[in-house]
Visitor: 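Below are the structure tokens for one structure; questions will follow.
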Protein chains: 4
Amino acid sequence: MVKSEIGYSTVDAITVRGLNLSTEIIGKLDFVDMIFHTTLARLPTAREKVMVNALLVTTADHGITPSAIATRLTYAGAPEALQGAVAAGLLGAGSVFLGTMQNAAEMLLEAGRELSEDAGDEQLREAARALIQRHKQERRAIYGLGHPVHVHGDPRVAALRELSQAHGYYGLHWRLMEAIAEVLASERGKPLPINAVGGIAAIIAAMGLDPLIARGLSVIGRSAGLLAHVMEEKTAPIARELWELVLRDDPRNVLP
Amino acid sequence: MVKSEIGYSTVDAITVRGLNLSTEIIGKLDFVDMIFHTTLARLPTAREKVMVNALLVTTADHGITPSAIATRLTYAGAPEALQGAVAAGLLGAGSVFLGTMQNAAEMLLEAGRELSEDAGDEQLREAARALIQRHKQERRAIYGLGHPVHVHGDPRVAALRELSQAHGYYGLHWRLMEAIAEVLASERGKPLPINAVGGIAAIIAAMGLDPLIARGLSVIGRSAGLLAHVMEEKTAPIARELWELVLRDDPRNVLP
Amino acid sequence: MVKSEIGYSTVDAITVRGLNLSTEIIGKLDFVDMIFHTTLARLPTAREKVMVNALLVTTADHGITPSAIATRLTYAGAPEALQGAVAAGLLGAGSVFLGTMQNAAEMLLEAGRELSEDAGDEQLREAARALIQRHKQERRAIYGLGHPVHVHGDPRVAALRELSQAHGYYGLHWRLMEAIAEVLASERGKPLPINAVGGIAAIIAAMGLDPLIARGLSVIGRSAGLLAHVMEEKTAPIARELWELVLRDDPRNVLP
Amino acid sequence: MVKSEIGYSTVDAITVRGLNLSTEIIGKLDFVDMIFHTTLARLPTAREKVMVNALLVTTADHGITPSAIATRLTYAGAPEALQGAVAAGLLGAGSVFLGTMQNAAEMLLEAGRELSEDAGDEQLREAARALIQRHKQERRAIYGLGHPVHVHGDPRVAALRELSQAHGYYGLHWRLMEAIAEVLASERGKPLPINAVGGIAAIIAAMGLDPLIARGLSVIGRSAGLLAHVMEEKTAPIARELWELVLRDDPRNVLP
């Protein structure tokens, strides 16, 4: 039988995870409750809610990103289809930008599997060294470190760490991420600070969530930022100017 | 200059709409605040927040929808790219499913332009009749009415109306939507109840939001439901069975 | 019954539009034959094949377009999902860029409905004037004219017209498109030449194809160009540099 | 400098890979020529053209596939945006369906790297055994074998093999694919025939093309089939019936 535990409909009611959408959800659950309710079949605790809100706002927007550019250029071509413009921006949330939170969380969970919460610093450095070596051998990337713009350290990390400490999510996975940064920096002889991806991955791992949810939350969060870019593109468009700027950078393109 | 008012970055800070993402947003704003902050450059009032949460949870999920099917089949083909699976599900949010909130809100705003908040019932019916005639002449759809499953009335509408009444958003646009339903039902000689799209459109219009935001919120809301379907498809897959069910419906397809 | 005339499968064979894929299609039909076979349930004539090849190569690529930028930025974020990068580039094929061939063909078919193939020049100008007035009244765009770069005339139009003349597709719809350009230019007091979209729309209309096929062919054609951009982005990436170029245009962004 | 070798524009001309689009491409190159020209910066030989046409028609369509379903449901929701419907169908071309040609070609190229064209049968079986063991150890899938419907063998494989033999592309990579099938079948004690993905991967490897091009061609080919499904959905819609069929399979959904 093709059956989803998420929900079903009758002539008179819509049921989502056992609750009546009209009488038990609308006006009673907020959106973060609903993310938990649909995805995990339970409501979040207060501190889970704080953390998920933090992840969503962290990924929502930071100005002209590759996803914002893709969305704006797509909206300029097809303004009748906002959903396509947002989708275009989301499609880059892969293993290099944004979606990479999933890959980083998988990395931390894998490396942390045999460590206990009270692992000592040297034990963590050991695990970090093993992970780095294994990833090098298998030519897999190490996620969550460095940033092309924030070269002295990603400013979001302090905020995410502080919040994790305040709400009981600063533990093994954060410390492991820090150990990886430390070992790699000492190998390379220059600092390689944790970035927002690394911080978010540590939080997801500490919360015991599936790494796929990390990518999922980044997609939900970013969809809000992309809506903002569509709205701005509608009233104060920059897509054509942006395109022209890129064309003019190659002198073979001769514009009027 | 290619410049967005939404945000910019320096080596040390990310600024979103004038606030420092790390010190003034993370841990301070929740996700609905952030939707307002990025899109409208202001925070929501308490009652706006209630309503936007209601719109997001209303659109998030109701089981096996066309968008959930598209997402699940896409995830089954490309499980390494959750973002593509979610995007596939969002792409149907157009003028017929889901995205139609935008079209319905545009319809209500256009028809309500020359009416005041205290318009009488007969005046509203007059406006409804004019709208229906104009749409028929121009072969444009009338949005927000009827439902293929909820034939006696969409159960979400009562909840949305009640919430609108409780928070001061039950006014001209809701009453106009009701007048359209009434006039059309009397023309056709059978009831044609308002659906969730009509209710949401009335709320968006009453809140003074751009109709494009209606479609945008439905895209954000639905992305949460689609994440839930991806998570379920990962652990309890139904995509292949669903596909087989469809194939078997045509006896020319002969499966092993 | 959920049944498509396009095809079905048994344990031993795949049938597409009545032909056995393995024994009657692979190695026997080429790709343009297959576009006709799947979409129109017949093979193309020789001259139809020439024209469809021309439309596909015309839309395939012209360097750094908005769709190429969207594809390259998406590939940079998710190199494991080429399909997402190509999809991102295609999503902008709407009513303003690329997909606008559909809108232009619809416009020509509507305006040409009451004209015969041997309509005189003055009759065409008359129809053009009526169309322009109607579109202005209904605030609908007029498609197929002008180009932001090719301000003296779109160089592709001469090639498309010549090919149409050589193969018997230069008739009412091309002449109507030319009449629209002429009338509008005289109204504005400056030339407003036909662009590739206008030429392609005239060809689609002359071939008697559904305007939706115009947009469809532009999507197929462009997918080839976007594959080329992905392949180049893989070996000679420009996405990050492009992003940086855009960021640096706003001095509030301070990069290292 | 942000520069693509693929093309550039001036006020008077569009240049694609060194050729003038208007005078040297339109009407002179056909679409498969153009795929080679944009992607590989050269024209195909006659036998390359035969093979690429075969790959494109093989992937174009086989009735109600997951991608066709995704496209049709998306079109039903947003008929104003054909490009979104086609994109939704393409997004599933990942590591499990369709796009898997890339993964299979990578597998064959990797395994074939140290073998010469005249490797003996036992040497090929040896390489196949090593590959199977390595993939098992690293928990990587083995691609190109078996089919849920064509359980006695994928009917397209014979056609693809024959064409490869006729045009000089039946060699090391086909034989390696066959050896893998043979070794795995003998391990499992039941036949595990090569599928179309395996055949196409062998062709791509034999042609010396980048595996990414395999996925790219499947995306181009499938876009034609998806256009056909959109056209049929427009005139003979099945999306709602399909949705209802799926809903009715779970008796908790009670439809009117």
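Chain naming here is simple, since letters A, B, ... match the order of the sequence lines and numbering starts at 1 in each. Treat the numbers as computed from the prediction; the structure is a model and nothing was measured.
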Visitor: Where does C:L245 contact chain D at under 4.5 Å (heavy atoms): side chain, backbone, both or neither?
Guide: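 Side chain only.
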Visitor: Given side chains that start at C-beta, do those of D:K3 and C:I238 come closer than 4.5 Å, heavy atoms only?
Guide: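 Side-chain contact under 4.5 Å: no.
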Visitor: Return the minimal non-hydrogen interatomic distance between D:F31 and C:N53, and the atom names on each side.
Guide: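 Smallest interatomic distance, heavy atoms only, reads N-OD1, 2.8 Å.
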Visitor: Sort C:V16 into side chain, backbone, both or neither according to what part of it lies under 4.5 angstrom from a heavy atom of chain D.
Guide: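 Just its side chain gets close to chain D.
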Visitor: How close do C:H150 and D:A13 get, heavy atom to heavy atom, and via which atoms?
Guide: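 Closest pair (atom of C:H150, atom of D:A13, distance): CE1-O, 4.1 Å.
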Visitor: For D:H229, is it the side chain, the backbone, both or neither that has a heavy atom under 4.5 Å from a heavy atom of chain C?
Guide: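 Looking at D:H229, backbone and side chain both touch chain C.
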Visitor: Quick check on D:R222 against chain C: is it the side chain, the backbone, both or neither that has a heavy atom closer than 4.5 Å?
Guide: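 Looking at D:R222, nothing touches chain C.
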Visitor: Which answer fits D:V86, side chain, backbone, both or neither, if we ask what part of it has an atom under 4.5 Å from a heavy atom of chain C?
Guide: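 Looking at D:V86, just its side chain touches chain C.
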Visitor: Identify which part of D:L163 has an atom lying under 4.5 Å from any heavy atom of chain C, answering side chain, backbone, both or neither.
Guide: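 When you check distances to chain C, only side chain atoms of D:L163 fall under 4.5 Å.
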Visitor: Would you confirm whether D:E232, through its side chain, and C:E5, through its main-chain N or O, come within 3.5 Å as a donor-acceptor pair?
Guide: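 Between the backbone of C:E5 and the side chain of D:E232 there is a qualifying donor-acceptor contact (under 3.5 Å).
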Visitor: Checking heavy atoms, do the side chain of D:L82, its backbone, both or neither come under 4.5 Å from chain C?
Guide: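 Backbone plus side chain of D:L82, per the 4.5 Å heavy-atom cut-off to chain C.
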Visitor: Heavy-atom cut-off 4.5 Å, strictly under: side chain, backbone, both or neither for D:L242 against chain C?
Guide: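 Answer is both: backbone and side chain atoms of D:L242 are under 4.5 Å from chain C.
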Visitor: Looking only at heavy atoms, what is the nearest atom pair of D:M1 and C:E241, with distance?
Guide: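 Minimum heavy-atom contact is N-OE2, 2.6 Å.
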Visitor: Can you tell me which portion of C:L212 sits under 4.5 Å from chain D's heavy atoms? Options are side chain, backbone, both or neither.
Guide: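 Both backbone and side chain.
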Visitor: Is chain C contacted by the side chain of D:T10, its backbone, both, or neither, given a heavy-atom distance below 4.5 Å?
Guide: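 Backbone of D:T10 only, per the 4.5 Å heavy-atom cut-off to chain C.
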